[in-house]
Amino acid sequence: SRMIDVQTKMAGRALELLCLPEGQPCYLLDIGCGSGLSGDYLSDEGHYWVGIDISPAMLDAALDRETEGDLLLGDMGQGIPFKPGTFDGCISISAVQWLCNANKKSDIPAKRLYCFFSSLYSVLVRGARAILQLYPENSEQLELITTQATKAGFTGGVVVDYPNSAKAKKFYLCLFSGPSTFLPKGLNENQDGEEARESTFINE
């Protein structure tokens, strides 16, 4: 139940960072949807969603839970198979860092990341956002991910919530598929004290 709570909180924060129009149901993509916990949160907030995951067992669990979204078995590293401009936004909780691993000889992380980000860029409505919560192993991994996102056309950056806490610290990659807007501020325990740290990347 603690895992459900953590997952739901992160889905809530990702949805907040998406900055969707208020009171308007949107069509969202949940990448690495697992058993549909984040999707349940999206449904509760009045949105429609499609989840994609590489694990048949996780998707079976989502079906058993009678989650409301549509589910798709797929590997995000091989691209997102939808028509251009299908989704109003995208969230992903704890999934994208897996693309940095080469599970077989033919896996090239940079290529898989680029394939993922370029297809994600395509399936989003222009001006939509993708909020990808991730656990990067180190700064090199984060740089590899953000470089491929930029190459694919995204602007944006990384929002770090609770940067000074070992347990509560969370990374959210906030990507904009259109004109860059302001990067949201990271959350901090002492909101009036130290400024939250962020890194930004731009197309130049």
Side-chain angles (χ1 to χ4, degrees), residues 10-11 14-15 17-18 20 26-39 42 47-63 67 69-137 140-158 171-180 201 203:
M10 290 194 291
L15 189 58
L17 291 169
L18 271 184
L20 298 169
C26 291
Y27 193 46
L28 304 175
L29 177 63
D30 182 1
I31 290 167
C33 64
S35 60
L37 295 174
S38 325
L42 298 179
H47 299 295
Y48 301 96
W49 59 278
V50 173
I52 181 170
D53 202 281
I54 198 168
S55 162
M58 291 299 258
L59 293 175
D60 284 345
L63 288 172
T67 194
D70 293 318
L71 303 169
L72 177 70
L73 178 65
D75 172 3
M76 58 182 168
Q78 292 179 354
I80 310 292
F82 287 94
K83 285 182 182 166
T86 299
F87 296 100
D88 300 313
C90 164
I91 71 163
S92 177
I93 307 298
S94 319
V96 175
Q97 71 273 2
W98 297 111
L99 288 175
C100 295
N101 301 345
N103 297 320
K104 48 183 189 286
K105 274 210 173 81
S106 59
D107 283 355
I108 301 166
K111 273 192 170 168
R112 284 171 56 74
L113 280 159
Y114 180 74
C115 181
F116 164 65
F117 282 121
S118 55
S119 60
L120 177 61
Y121 190 89
S122 164
V123 303
L124 290 172
V125 168
R126 273 304 65 80
R129 294 181 177 201
I131 307 295
L132 314 171
Q133 183 275 328
L134 68 165
Y135 291 108
E137 276 177 23
E140 288 80 17
Q141 209 177 69
L142 197 55
E143 194 168 322
L144 173 66
I145 292 169
T146 53
T147 300
Q148 297 307 320
T150 308
K151 262 191 191 166
F154 283 109
T155 56
V158 180
F171 290 85
Y172 293 88
L173 186 55
C174 296
L175 301 176
F176 312 129
S177 70
S180 188
F201 55 98
N203 274 344

- line: Residues at least two apart in sequence or cross-chain that pass side-chain contact (heavy atoms from CB on, under 4.5 Å) with P109, listed by chain then number, are A102, L144
- prompt: Roughly how far apart are L124 CG and L29 CG, rounded to 0.5 Å?
  reply: 7.5 Å
- request: Identify, with sequence neighbours excluded, every residue that meets side-chain contact (heavy atoms from CB on, under 4.5 Å) alongside S119.
  value: I80
query: Hey, what do you get for CD1 (I54) to CG (L73), rounding to the nearest 0.5 Å?
result: 8.0 Å
- request: With sequence neighbours excluded, tell me which residues meet ring pair (Phe, Tyr, Trp, His ring centres under 6.0 Å) with Y121.
  value: F154
- prompt: Which side-chain hydrogen bond (donor to acceptor under 3.5 Å, both in side chains) pairs, counting each pair once, include a residue from residues 79-92, with sequence neighbours left out?
  reply: none
task: Please identify each residue that fulfils side chain to side chain donor-acceptor pair (under 3.5 Å) with D75, with sequence neighbours left out.
output: R112
message: Which residues pass the side-chain contact (heavy atoms from CB on, under 4.5 Å) test with M58, not counting sequence neighbours?
response: D53, S55
message: For the CG atom of L20 and the CG atom of L42, what is their distance to the nearest 0.5 Å?
response: 9.0 Å
Over all atoms of both residues, closest heavy-atom pair of G34 and A62: O-CB, 3.9 Å
Residues that Y135 engages under side-chain contact (heavy atoms from CB on, under 4.5 Å), provided they are two or more places apart: M10, S94, Q97, Q133, K170
task: Please name the pair of heavy atoms, one in L113 and one in C100, separated by the smallest distance, quoted to 0.1 Å.
output: CD1-SG, 4.3 Å
query: Of all residues at least two apart in sequence or in a different chain, which pass the ring pair (Phe, Tyr, Trp, His ring centres under 6.0 Å) check with Y172?
result: none
query: Taking it one step at a time, do L37 and I93 satisfy side-chain contact (heavy atoms from CB on, under 4.5 Å)?
result: CA-CA 10 Å; L37 295 174; I93 307 298; over 6 Å; no
- request: Say whether, by atom type as modelled, one donor and one acceptor occur between the side chain of S177 and the main chain of V125 under 3.5 angstrom.
  value: yes
Spacing of CG belonging to L173 relative to CG belonging to L142, to within rounding of 0.5 Å: 7.5 Å
query: For residues 26-37, which residue pairs qualify under salt bridge (Lys or Arg N to Asp or Glu O under 4.0 Å), counting only residues two or more places apart or in two chains?
result: none
query: Which atoms form the tightest heavy-atom contact between G32 and A95, and what is the distance?
result: CA-CB, 4.0 Å
query: Which residues pass the side chain to side chain donor-acceptor pair (under 3.5 Å) test with T67, sequence neighbours left out?
result: D40
field: Test log, rule side-chain contact (heavy atoms from CB on, under 4.5 Å), inputs L28 and I91
entry: CA-CA 8 Å; L28 304 175; I91 71 163; 5.5 Å; no
- request: Using the side-chain contact (heavy atoms from CB on, under 4.5 Å) rule, take L99 and F117 through it: C-alpha gap first, then chi angles, then the decisive distance, then the call.
  value: CA-CA 11 Å; L99 288 175; F117 282 121; 6.0 Å; no
query: Distance from L134 atom CG to Q141 atom CD, nearest 0.5 Å?
result: 8.0 Å
- prompt: Which heavy atom in A14 sits nearest to a heavy atom in I131, and how many Å separate them?
  reply: O-CG1, 3.6 Å
- request: Rounded to the nearest 0.5 Å, what's the gap from CG on L15 to SG on C26? Could you check?
  value: 8.5 Å
- prompt: Is the shortest heavy-atom distance from the side chain of L175 to the side chain of C90 under 4.5 Å?
  reply: no
field: Residue pairs passing the ring pair (Phe, Tyr, Trp, His ring centres under 6.0 Å) test where at least one lies in residues 86-114, sequence neighbours excluded
entry: Y27-F87, F82-F87
Sequence-distant partners of Y48, ring pair (Phe, Tyr, Trp, His ring centres under 6.0 Å), two or more places apart: none
message: For a quick test of reading the model, state the closest non-hydrogen atom pair linking G89 to L18 and the distance between them.
response: CA-CD2, 4.4 Å
message: Applying side-chain contact (heavy atoms from CB on, under 4.5 Å) to L59 and L63, what does each step give before you reach the verdict?
response: CA-CA 6 Å; L59 293 175; L63 288 172; 5.7 Å; no
